[in-house]
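Atom set for the values below is all heavy atoms of this structure, side chains included, hydrogens, waters and symmetry mates excluded. Positions are given from 1 along the sequence.
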Amino acid sequence: MLKTLGAQIKEYKKASIATPVFMIGEVIMETVIPLLMASIIDDGVNKSDLNHIYLIGGLMVLTAVLSLAFGIGGGVYGAKASTGFARNLRRAMYDNIQTFSFSNIDKFSTSGLVTRLTTDVTNLQNAYQMILRMTMRAPFSLLFAMIMSFVISPRLASVYLIAVVLLGCVLALIITMAMKYFSQAFPKYDDLNESVQENVSAIRVVKAYVREDYENEKFKKASGAIYKIFSKAEGIVAWNGPVMNFTVYACIVLISWMGAHMIVQNELTTGQLMSLLTYCMNILMNLMMLSMIFVMLTMSGASARRVCEVLEEKPDLTDPEDPVTEVADGSICFDNVSFRYKKDADAFVLKNIDLEIRSGETIGIIGGTGSAKSSLVNLISRLYDVSEGRLLVGGVDVRQYDMEVLRNQVAVVLQNNVLFSGTILENLRWGDREATEEECRRACELACADEFIQKFPEGYNTFIEQGGTNVSGGQKQRLCIARALLKKPKILILDDSTSAVDTATDAKIRKAFAEEIPGTTKLIIAQRISSVEHADRIIVMHEGQIDGFGTHEELLAGNEIYRDVYESQTAGSGDFDEKGGM
C-alpha cells in the first residue's frame, strides 16, 4: 500500500523533503529560545547587566525570525507537496478507472468511486501534510526539549519522563478505542453519496410521485449513521484534552514546587526554572500532537486502503501482445458461446450461442426482460469477455483485436442514452472528433434529429444540460443514434434505442439505415415487432438461449413465442411480456 501511494508523490519529492527539513529548523530555533530567556534572567536581569540583556534579546529576536521563516517554509512546501500528492492520486485513480472493463466497474459502486475520489483523497492529503510537518516536528521537538531538560536538571526532567510515559499509555488506549469507529465511518459515506446521487438524478421522479419525505428520511438515515459513528469516535478522542491538561498542570505544579525548593538551596536558578517550565509545556503539547497524528493516520488508513483498491485494480480485459489493428468487415460469428458475469457464478447468462451473421445484414433481436439481449450484444465490442467458446468479428476472435480499434468499428446506442453537458455539436463529435458540421447534419438527418434541432434558436449550438435534461427522451435517443453513425462503424448496435420515438419516426430511421449504410451490420434490439419485422433475420431470445432465428415469416410460421407476441401486439396490447412467457 505504501509503495502504491508513494508512487504518486512523483514531481513533489523535493517539496516533500524540504518540508521536514524546514520543520526541524523551526524546532531547533524554538529549543534555543528558552535557553536565551534563562540567560537574560540569570545573567542580565539578576546581575543588572543591560548590555547582556540587549545582546541576548537581539539573539532571541533573530532566533524568532528564523523560526518564523522556517515555519513559513515548512507550511508552503508542505501545502505544495500534499495538494500535489492529492492531485496525482485523483488523476491516477481516474485514469485507471478509464481502463476498467464493465466487470471491473461492477466491483465498485458509482457512489463508492466518488467517495474515493473526493473524501478519501482529501483525508490522505491532510494526513500527508501532517506527516511531513507534524510527524517530523513533534518527535524532534519532544526529543530536543527532553535533552535540554536533562542538561539543566536531571532531577526535574525525570518528572517529565514519568509524565510522558503515563500520558503516552493513556493516549494509546484512547486511540485504540477510537480506531475501530473511524475505520467504520468512511464506507458510510458511500451510502450517503449514493442517496444524494440517486435523489438528484431522479428528482423529477421523486417529485412526480411525491416521495420527498421518503427520500428525506433515507438521507437522514445515511447521514445519521455517519453522525453516530463520528460522535462515538470523537467522544473518545475528546478525552485527549482533559487528560492532557491534567498532566500539564500537574507537572507545572510539581516542577514549580520542587524547583522553588531547589532555588532556595541554590541548586537551580530562576532562569533555569523558567526554561524547564517552557520545556514542560513543549514536551507535553508535542506528545498530544503525536496522539492527534495517530488519530489522523488511523482515519486516513481506511481511506488509503480504499484508494489503493482502485489504484491496484487491474483491468480484466487487456490487449494481446500482437493485436490485430484492422477489422475486415462487419460479419459476426458466435461459436458455442456461453457467458456469466462472474467467474464463480453458478449459472450462465448466455448458454451455447451459435450464430452466423453476414456483413451488412440487419438483424432484429427480441426477447422478454432478462432474456440476455443486452448481454449478447455487449460481447461483440468486448465490453465483457466470453466465458466459453469464441466470438469472431470480421473473421477474427475479438480477443485478438486492439480494443480501441474494435470499439471504433462497433457503434453502440445503449438503452440508457447519455448526453454530456455541452453543445449538440460537441455531443455529436463524440462519434468523430474531426467531423465537420455538414457531416454532423447529415448524421442527424439519417437519425431524424435534424428536424427538431433546426427548431432550437441556437440550432446545432444549442447547449445540452447535464444528463440531457432539456431534451425529450425521443430527442435524446435520436441524438445518440446520430452520434453513433458519425463513427462510420462496420457494426451498429441499437439496444432498444428507438423505444421513445413514435413508430413513424422509427420507420424513417430504419429506412435511412437501409439506404445510406447498407454495408454496415445492424443489430436492433426492440420490444416492438414493427421495429424488427423488416430485418433480414430476427433472433428470438429466451432465458439466455436462442429460441428462434429466421425471417419474420419463418418465425411466424415456426416459432410459438414470436407468433404469440406478434398476435398480442397486433391485437392492441403492445406488451411484449404479456404473452410469450419470456
Side-chain angles (χ1 to χ4, degrees), residues 95-107 312-345 348-363 365 372-414 430-433 484-495 517-525 536-537 539 541 544-546 549:
D95 289 345
N96 201 38
I97 290 170
Q98 301 309 305
T99 69
F100 287 177
S101 65
F102 278 21
S103 57
N104 292 115
I105 295 173
D106 292 342
K107 296 178 183 178
E312 294 173 355
E313 179 75 10
K314 301 297 182 184
D316 292 338
L317 306 183
T318 56
D319 288 327
E321 291 185 3
D322 187 18
V324 177
T325 56
E326 184 177 354
V327 180
D329 55 49
S331 62
I332 304 169
C333 175
F334 285 80
D335 183 9
N336 196 29
V337 168
S338 294
F339 169 71
R340 53 190 170 194
Y341 284 101
K342 294 183 179 180
K343 294 179 181 180
D344 56 353
F348 284 100
V349 177
L350 291 167
K351 292 160 282 189
N352 307 118
I353 304 296
D354 283 298
L355 276 176
E356 286 280 354
I357 299 172
R358 295 182 293 273
S359 182
E361 273 194 296
T362 298
I363 303 296
I365 304 174
K373 304 183 297 296
S374 297
S375 299
L376 181 77
V377 297
N378 281 340
L379 299 177
I380 296 172
S381 55
R382 207 186 169 203
L383 299 177
Y384 294 95
D385 263 344
V386 301
S387 302
E388 294 180 5
R390 60 185 188 141
L391 170 58
L392 287 74
V393 171
V396 177
D397 192 317
V398 292
R399 289 168 291 195
Q400 298 303 313
Y401 280 112
D402 178 279
M403 282 190 288
E404 185 174 337
V405 169
L406 174 65
R407 291 172 182 171
N408 273 331
Q409 294 302 324
V410 181
V412 183
V413 184
L414 298 170
W430 274 69
D432 179 4
R433 67 184 68 183
L485 290 173
L486 279 171
K487 292 183 71 173
K488 302 178 180 65
K490 289 187 169 64
I491 299 172
L492 175 63
I493 298 172
L494 303 179
D495 189 353
I517 51 172
T520 298
T521 304
K522 297 164 281 291
L523 304 179
I524 304 172
I525 297 176
D536 297 319
R537 289 185 289 172
I539 299 170
M541 297 291 298
Q545 294 181 303
I546 296 177
F549 186 32

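Ile353 is not listed as a side-chain neighbour of Val386, based on a closest heavy-atom distance of 4.5 Å or more. For the pair Glu361 and Glu356, the minimum side-chain heavy-atom distance is 4.5 Å or more. Within the 4.5 Å cutoff, no side-chain heavy atoms of Val337 are placed close to those of Phe348. Looking at heavy atoms from C-beta onward, Asn408 lies in side-chain contact with Lys487 at the 4.5 angstrom threshold. Using a 4.5 Å heavy-atom cutoff, the side chains of Leu376 and Ile525 are not in contact. Counting only heavy atoms from C-beta outward, the side chains of Ile546 and Met541 approach each other to under 4.5 Å.
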Test side-chain contact (heavy atoms from CB on, under 4.5 Å) on Leu350 and Leu379 and set out the steps. CA-CA 11 Å; Leu350 291 167; Leu379 299 177; 3.7 Å; yes
Show your reasoning for whether side-chain contact (heavy atoms from CB on, under 4.5 Å) applies to Asp385 and Asp316. CA-CA 9 Å; Asp385 263 344; Asp316 292 338; over 6 Å; no
Step by step, work out the side-chain contact (heavy atoms from CB on, under 4.5 Å) result for Asp335 and Asp354. CA-CA 5 Å; Asp335 183 9; Asp354 283 298; 3.9 Å; yes
How far apart are the C-alpha atoms of Val324 and Val405, what are their side-chain angles, what is the distance that settles it, and do they pass the side-chain contact (heavy atoms from CB on, under 4.5 Å) test? CA-CA 8 Å; Val324 177; Val405 169; over 6 Å; no
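Contact record, Ala372 with Gly544: CB-CA, 4.0 Å, taken as the closest heavy-atom pair. Across every non-hydrogen atom of Lys490 and Val327, the tightest pair is CE-O, 3.0 Å. Nearest heavy atom pair, residue Lys351 against residue Gln545, reads O-CG, 3.7 Å. Heavy-atom minimum distance, Ser331 versus Ser359: N-CB, 3.7 Å. Between Val393 and Asp329, the shortest heavy-atom contact is CG1-O, 4.2 Å. Heavy atoms only, all atoms of each residue included: Ala484 and Pro489 are closest at O-CD, 3.7 Å.
Between atom CG of residue Leu355 and atom SG of residue Cys333 there is a gap of 8.5 Å, rounded to the nearest 0.5 Å. With rounding to the nearest 0.5 angstrom, the CZ atom of Arg382 is 10.0 Å from the CG atom of Asp402. The OG1 atom of Thr521 sits 5.5 Å away from the CD1 atom of Ile332 when rounded to the nearest 0.5 Å. Between the CD atom of Glu388 and the CG atom of Asn352 there is a distance of 8.0 Å, given to the nearest 0.5 Å. Atom NZ of Lys314 sits about 7.0 Å away from atom CG of Asn96, to the nearest 0.5 Å. Rounding to the nearest 0.5 Å gives a distance of 11.0 Å between CD1 of Ile491 and NZ of Lys522.
The 12-atom threshold is exceeded at CD of Gln98, counting heavy atoms of other residues, nucleotides or ligands nearer than 6.0 Å. Atom CG of Asp95 has more than 12 heavy atoms from other residues, nucleotides or ligands within 6.0 Å. For Glu312, the CD atom counts as densely surrounded, since its 6.0 Å shell holds more than 12 non-hydrogen atoms of other residues, nucleotides or ligands.
Between the side chain of Tyr384 and the backbone N or O of Phe339 there is no donor-acceptor pair closer than 3.5 Å. Proximity of a side-chain donor or acceptor of Lys488 to a complementary backbone N or O of Asp432 within less than 3.5 Å is not detected. Looking at Thr99, its side chain never comes within 3.5 Å of a backbone N or O of Pro315 through a donor-acceptor pair. In this structure a side-chain-to-backbone donor-acceptor pair under 3.5 Å is present from Asp536 to Thr362. The main-chain N or O of Asp397 is never found under 3.5 Å from a side-chain atom of Gln400 such that the two would form a donor-acceptor pair. Side-chain atoms of Asp319 come within 3.5 Å of backbone atoms of Met403 as a donor-acceptor pair (strictly under, hydrogens ignored).
The only option from Ile524, Ile517, Val412, Val410 that meets the side chain to side chain contact (heavy atoms under 4.5 Å, CB included) definition with Leu492 turns out to be Ile517.
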